[in-house]
Amino acid sequence: MPIESVVADANVLLSAVVGKAAQKVFSESNLKVHASEFNVREVKEYLPVMAKKYGLPVDLVFLRLRILALVIHKTSEYSSFYKRALEELKDRDPEDAHALALARALGSPLWSNDRHLARSGVTCYTTARLLKILELQPTR
């Protein structure tokens, strides 16, 4: 069964805006990528650090974020799933609770390279695995 959509965590979005492999998910597929408003704010917070780390102009990485084909969701759209996700991740990375709750609310897999999310009960794809699956998936 083809993958039609995923919920991206902040780290894969950061990877995409600095031109790493995650960017191919946006540029080489028709996959619908969802993200929480919280995670997008988190990405914006780290963009200056990432720009400096990779020697990129800050304006460029902000522009790359703006042009990503993202469906951004407000917390109210997944709030009924958030408390459980936060409880499950409290000892690991509670900021990932937004992506996990959104994935459960949408019934979509997660796109994350964080190993602890792979044990969340939600299907979780790393960037490498997702790209391999998308490569084999027939295009529409």
Would you kindly confirm whether [X] and [Y] end up in one hydrophobic cluster when ILVMFWY residues are joined by side chain heavy atoms under 4.5 Å apart?
X: Val122; Y: Val25; value: no
X: Val6; Y: Leu13; value: yes
X: Ile72; Y: Tyr78; value: no

Identify every side-chain donor-acceptor pair in residues 35-58 under 3.5 Å, counting partners at least two apart or on other chains, and give the distances.
from	atom 1	to	atom 2	distance (Å)
Ser36	OG	Asn39	N	2.9
Ser36	OG	Asn39	OD1	2.7
Asn39	ND2	Glu42	OE1	3.0

ring-ring contact (aromatic ring centres under 6.0 Å, His included): pairs with one or both residues in residues 105-135, sequence neighbours excluded: Phe26-Trp111
Minimum heavy-atom distance between [X] and [Y], given as atom pair plus value:
X: Leu131; Y: Ala21; result: CD1-O, 3.7 Å
X: Ala22; Y: Ala16; result: CB-N, 3.8 Å
X: Pro109; Y: Ser5; result: CD-O, 3.3 Å

If we only count heavy atoms from C-beta on, is the Asn11 to Asn113 side-chain gap below 4.5 Å? no
Validation row: Leu110, Ser120 side chains within 4.5 angstrom (heavy atoms): yes
Sequence neighbours excluded, which residues qualify as ring pair (Phe, Tyr, Trp, His ring centres under 6.0 Å) partners of His34?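 His34 satisfies ring pair (Phe, Tyr, Trp, His ring centres under 6.0 Å) with His73 only.
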Who pairs with Phe81 by ring pair (Phe, Tyr, Trp, His ring centres under 6.0 Å), at least two apart in sequence or on another chain? none
Kindly indicate, with the supporting measurements, whether the criterion side-chain contact (heavy atoms from CB on, under 4.5 Å) is fulfilled by Leu68 and Val33. CA-CA 9 Å; Leu68 287 182; Val33 180; over 6 Å; no
Just how far is it from atom [atom1] of [X] to atom [atom2] of [Y], taken to the nearest 0.5 Å?
X: Asp114; Y: Thr126; atom1: CG; atom2: OG1; value: 11.0 Å
X: Glu135; Y: Lys24; atom1: CD; atom2: NZ; value: 9.0 Å
X: Ser108; Y: Leu102; atom1: OG; atom2: CG; value: 7.5 Å

Run the side-chain contact (heavy atoms from CB on, under 4.5 Å) check on Leu130 and Val12 step by step: do they pass? CA-CA 11 Å; Leu130 185 57; Val12 296; over 6 Å; no
Looking at Glu77 and Lys74, is any side-chain nitrogen of the basic one under 4.0 Å from a carboxylate oxygen of the acidic one?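 No, this pair does not count.
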side-chain contact (heavy atoms from CB on, under 4.5 Å) assessment of Val71 paired with Lys32: CA-CA 8 Å; Val71 180; Lys32 191 174 208 175; 3.8 Å; yes
Using side-chain hydrogen bond (donor to acceptor under 3.5 Å, both in side chains) as the criterion, list what pairs up with Arg84, not counting sequence neighbours.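 Glu88.
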Passes side-chain contact (heavy atoms from CB on, under 4.5 Å), Leu89 versus Leu117? Steps please. CA-CA 9 Å; Leu89 297 174; Leu117 287 172; 3.9 Å; yes
Report the hydrophobic cluster partners of Ile67, with the cluster defined as I, L, V, M, F, W, Y residues connected by side-chain heavy atoms closer than 4.5 angstrom, directly or transitively. Leu63
